Amino acid sequence: MTTVKATPSRAGTDSGLRAFIVTIYGLYAREVGGWLGISTLIQLMTQLEVDEPAVRSSISRLKRRGILESERVDGRAGYGLSDQARVILDEGDRRIFRRRQGTVEEGWVLAVFSVPEAERQRRHTLRSRLSWLGFGSVGAGVWIAPAHLQAEARDVLQREELADYVDLFESRYLGFAAVENEVAQWWDLAGLDRLYQQFHDDHAPMLQRWESGAGRDHEGRAFADYIRVLTAWRRLPYLDPGLAPELLPGDWSGKRAADLFFALQRRLEAPAHRFVDSVR
């Protein structure tokens, strides 16, 4: 089973600050060539109550990880997205901003892999990538996902140079237990449901505040709220395989969480963008 653990918000940690920066680059840097000036980024992060030294520290770590690259544009110091980061962010758009849901009729894709003991780190990497793609574990070396994840799985495994260890199969479930009982073993749906419910509980007050008219004309606040909610949301679609509705538990929190995220996106996206345009 792929286990999902609920974790507390890490927005105040260095990893949380890096996540904010990646969200900002994903939303606003790609539309202008993938680059942001460091002064602009510091101004934007100020809206998130992050000071300049913390921004520079997080930028340094993102550079070491190959996400950002130093670059001057028109004499201004700044950072651009690496080619690898652009590919990852483009893939992320398809997950984060769309509601993906499979059907029972589409069947499944199986990933069967074997990694030599001498390359155990590759085994760990492979399991991590399959989990991040939304695969669940059927057994040792056998992972499963709804068929609509097939093309994405092929692309990621090839890009990460893991394809030599994996065979992919199209499959249909033939029995013997009820498939809805089996998926509860292949994925930690209860854990994922808790994460969705936590997201909803954390951010429902934000929507209520905006719907009440509070902060209606405050574009900087809209920006900060949009970055916070998107940063919290964007990991969840990677943990969710997008199972057919009839295979999910009753009262699935994923739908409520998605409804909330997209409602906040509709309300915050435009004023947040206006704020970014005003400072860059």
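Because only heavy atoms are used, hydrogens play no part in the values below, and waters and symmetry mates are left out as well, while side chains stay in. Everything numeric here is computed off the predicted structure, so don't read it as measured data.
Taking OH of Tyr28 as the reference point, atom CG of Asp277 lies at 9.0 Å (rounded to 0.5 Å). In this structure, Thr125 OG1 and Arg123 CZ are separated by 11.0 Å, a value rounded to the nearest 0.5 Å. With values rounded to the nearest 0.5 angstrom, Arg18 atom CZ is found 12.5 Å from Thr23 atom OG1.
In plain terms, the two heavy atoms of Tyr238 and Ile88 that are nearest each other are OH-O, 4.2 Å. Nearest heavy atoms, Leu195 versus Arg235: CD2-NH2, 3.8 Å. Residues Phe223 and Gln47 share a closest heavy-atom pair of CD2-CB, 3.9 Å. Residue Gly134 comes nearest to Pro241 through the heavy atom pair O-CB, 3.2 Å, listed as atom of the first residue, atom of the second, then distance. Residues Leu192 and Asp240 come closest through the heavy atom pair CD2-CA, 3.7 Å.
If you chain together ILVMFWY residues whose side-chain heavy atoms come under 4.5 Å of each other, Val73 ends up grouped with Trp35. Under the 4.5 angstrom side-chain criterion for Ile, Leu, Val, Met, Phe, Trp and Tyr, Val32 has no cluster partners at all.
Judged by distance alone, the side chain of Trp143 and the main-chain N or O of Arg127 form no donor-acceptor pair under 3.5 Å. The backbone N or O of Pro237 sits less than 3.5 Å from a side-chain atom of Arg95, completing a donor-acceptor pair. Counting only distance, with no hydrogens or angles, the side chain of Thr231 and the backbone of Arg228 share no donor-acceptor pair below 3.5 Å. Panel note: side chain Gln197, backbone Ser253; no donor-acceptor pair is recorded below 3.5 Å.
Salt bridge absent: Arg122 and Asp164 never bring a charged side-chain N and a carboxylate O closer than 4.0 Å. The existence of a salt bridge linking Glu31 and Arg280 is confirmed by a sub-4.0 Å separation between a basic side-chain nitrogen and an acidic carboxylate oxygen. Comment: Arg99 engages Asp259 in a salt bridge, judged by a side-chain N to carboxylate O separation of less than 4.0 angstrom.
Shown are Ile24, Leu17, Asp225, Val55; of these, the side chain to side chain contact (heavy atoms under 4.5 Å, CB included) with Leu48 is made only by Ile24.
Partners of His200 by side-chain hydrogen bond (donor to acceptor under 3.5 Å, both in side chains), not counting sequence neighbours: none found.
Around CZ of Arg159, the count of heavy atoms belonging to other residues, nucleotides or ligands within 6.0 Å exceeds 12.
Two rings, from His218 and Phe275, have their centers 6.0 Å or more apart.
Under 3.5 Å, the side chains of Arg56 and Ser60 contain no donor-acceptor pair of N or O atoms.
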